[in-house]
Trainee: 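What follows is a single structure, and I will ask about it in a moment.
Residue numbers start at 1 and run along the sequence shown. Below, each value reflects all heavy atoms present in this structure, side chains not excepted, and no hydrogens, waters or symmetry copies.
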Amino acid sequence: MTGQDMKYYALSLVLPLLVLAAVTYAAGRAILAWPTGEAATSRSLEAARTPLWNTLTDFGSSLSDTPYVVALTAVAAVAFRLVLRRWREAAFLVASVWGQSLVFLATTELVGRHRPPVHHLDPAPPTSSFPSGHVSAAVGFYCAVALVLAAHVRNRALQALIWAVGVAAPLAVAFSRLYRGMHFLSDVLWGLLLGVCCLVVAARAILYARPRARDEVKSTATVGHFGGAG
């Protein structure tokens, strides 16, 4: 990797993630500073629990369990590399998933929000309630895979189906985490926002902007070469 490449990624990938971490931390502290009344929503969902929805949301929450996301990301990245015969899509997927994970890990303990005051249907991880790492990871993985797959098929109906699944999975995770008492509403909403932002940052830095940036660097080098020869 050249110095120009390092500068490009520092500005297009690392810097936006640092800004996202700062904004996430500020949002978390602001939520803690003002009463939100979200506990009422959690209690309402707790009162409406049924055996069927307990089972369905158990599956929905597991869609974004850390071991599954890590394994699925590795498998999908290898598949993209082998099928497409290049690293761009695989690198984008890894950046999308790990970008949101880094922002989440950098902020969750600093915010330190307690879990909702209801019975938790899942073991509570050591991280705090804000933001929802399950939800941001679901967006970072499922929507990233949908973006890559939809870009390589021409059938509009198939594209719509791919995106329907890619969007439905994070929404199912968000509702499941909320229903199971693991997060407040603002936790899952910010998780969705964080995942989308990290997805966009990774897409702009790797899938779309990087080829243009590389071409500009090459063009500048070529102009400089001919200019010097004159």
Side-chain angles (χ1 to χ4, degrees), residues 15-66 68-69 96-144 166-202:
L15 181 59
L17 291 179
L18 290 175
V19 172
L20 275 173
V23 173
T24 298
Y25 171 74
R29 299 307 298 180
I31 288 173
L32 290 180
W34 292 290
T36 61
E38 295 175 276
T41 301
S42 298
R43 293 191 181 97
S44 296
L45 288 171
E46 180 187 33
R49 287 173 183 170
T50 65
L52 174 61
W53 279 105
N54 290 351
T55 300
L56 291 175
T57 55
D58 183 36
F59 172 74
S61 180
S62 70
L63 291 174
S64 193
D65 283 347
T66 299
Y68 294 157
V69 170
S96 177
V97 173
W98 285 103
Q100 62 77 32
S101 180
L102 291 173
V103 173
F104 164 75
L105 292 173
T107 56
T108 181
E109 284 302 319
L110 294 176
V111 173
R113 190 182 198 185
H114 295 297
R115 302 279 170 177
V118 297
H119 175 64
H120 303 152
L121 295 182
D122 295 323
T127 52
S128 71
S129 189
F130 182 92
S132 172
H134 270 72
V135 175
S136 62
V139 176
F141 174 74
Y142 292 103
C143 290
V167 172
L171 292 179
V173 172
F175 175 76
S176 297
R177 299 299 286 172
L178 189 63
Y179 174 92
R180 299 178 71 79
M182 304 311 298
H183 292 288
F184 292 100
L185 178 60
S186 58
D187 302 334
V188 299
L189 291 178
W190 196 269
L192 289 170
L193 179 61
L194 174 59
V196 169
C197 289
C198 289
L199 175 75
V200 171
V201 167

Trainee: Give the minimum heavy-atom separation between Cys143 and Leu199, together with the two atoms involved.
Mentor: CB-CD2, 3.8 Å
Trainee: Ser64 side chain to His134 main-chain N or O, any donor-acceptor pair under 3.5 Å?
Mentor: yes
Trainee: Supply the atom-to-atom distance His183 NE2 to Ser132 OG, rounded to the nearest 0.5 angstrom.
Mentor: 3.5 Å
Trainee: List the steps, then state whether side-chain contact (heavy atoms from CB on, under 4.5 Å) holds for Tyr68 with Leu63.
Mentor: CA-CA 7 Å; Tyr68 294 157; Leu63 291 174; over 6 Å; no
Trainee: Would you say the side-chain atoms of Thr108 pair up with the backbone N or O of Leu105, donor to acceptor, closer than 3.5 Å?
Mentor: no
Trainee: Can you see which heavy atom on Val173 is nearest to which on Gly60, and at what distance?
Mentor: CG2-O, 3.3 Å
Trainee: Rounded to the nearest 0.5 Å, how far does SG of Cys198 lie from CG of Leu193?
Mentor: 9.5 Å
Trainee: Is Arg49 reaching over with its side chain to a backbone N or O of Tyr179, donor-acceptor style, under 3.5 angstrom?
Mentor: yes
Trainee: With rounding to the nearest 0.5 Å, note down the distance linking CG in Asp122 to OG in Ser62.
Mentor: 9.0 Å
Trainee: Heavy atoms only: give me the nearest Ala144-Gly140 pair and the separation to one decimal.
Mentor: CB-O, 3.0 Å
Trainee: Quick one: does Thr57's side chain have a donor or acceptor within less than 3.5 Å of a partner on Asn54's backbone?
Mentor: yes
Trainee: Test your reading of the model: is there a side-chain donor-acceptor pair from Ser101 to the backbone of Val97, 3.5 Å cut-off?
Mentor: no
Trainee: I'd like to know if the side chain of Gln100 and the backbone of Gly195 have a donor-acceptor N/O pair within less than 3.5 Å.
Mentor: no
Trainee: If you apply the rule side-chain contact (heavy atoms from CB on, under 4.5 Å), what do you find for Tyr142 with Val167, and how did you get there?
Mentor: CA-CA 7 Å; Tyr142 292 103; Val167 172; over 6 Å; no
Trainee: Looking at Ser136 and Gly133, what are the two nearest heavy atoms and their distance?
Mentor: OG-O, 3.2 Å
Trainee: Using the side-chain hydrogen bond (donor to acceptor under 3.5 Å, both in side chains) rule, collect all pairs that involve residues 18-33, keeping only residues at least two apart or in two chains.
Mentor: Thr24-Trp190
Trainee: Looking at CD1 of Ile31 and CZ of Phe130, how far apart are the two atoms once the value is rounded to the nearest 0.5 Å?
Mentor: 4.0 Å
Trainee: Going through the distances and angles, do His120 and Arg180 end up as a side-chain contact (heavy atoms from CB on, under 4.5 Å)?
Mentor: CA-CA 6 Å; His120 303 152; Arg180 299 178 71 79; over 6 Å; no
Trainee: Strictly by modelled atom types, are Arg115 and Ser129 linked by a side-chain donor-acceptor pair under 3.5 Å?
Mentor: no
Trainee: At what distance, to the nearest 0.5 angstrom, does CD of Glu46 lie from CG of Leu121?
Mentor: 8.0 Å
Trainee: Looking only at non-hydrogen atoms, find the nearest pair between Pro131 and Leu194 and report the distance.
Mentor: CG-CD2, 4.2 Å
Trainee: If the condition is side-chain hydrogen bond (donor to acceptor under 3.5 Å, both in side chains), which residues does Ser96 pass it with, not counting sequence neighbours?
Mentor: none
Trainee: Kindly give the heavy-atom pair with the smallest separation between Arg113 and Thr36, and that separation in Å.
Mentor: NH2-OG1, 3.8 Å
Trainee: Starting at OG of Ser176, measure out to CZ of Phe59 and round the result to the nearest 0.5 Å.
Mentor: 9.5 Å
Trainee: For the pair Leu20 and Leu17, evaluate side-chain contact (heavy atoms from CB on, under 4.5 Å) and give the outcome as yes or no after the intermediate values.
Mentor: CA-CA 5 Å; Leu20 275 173; Leu17 291 179; 4.2 Å; yes
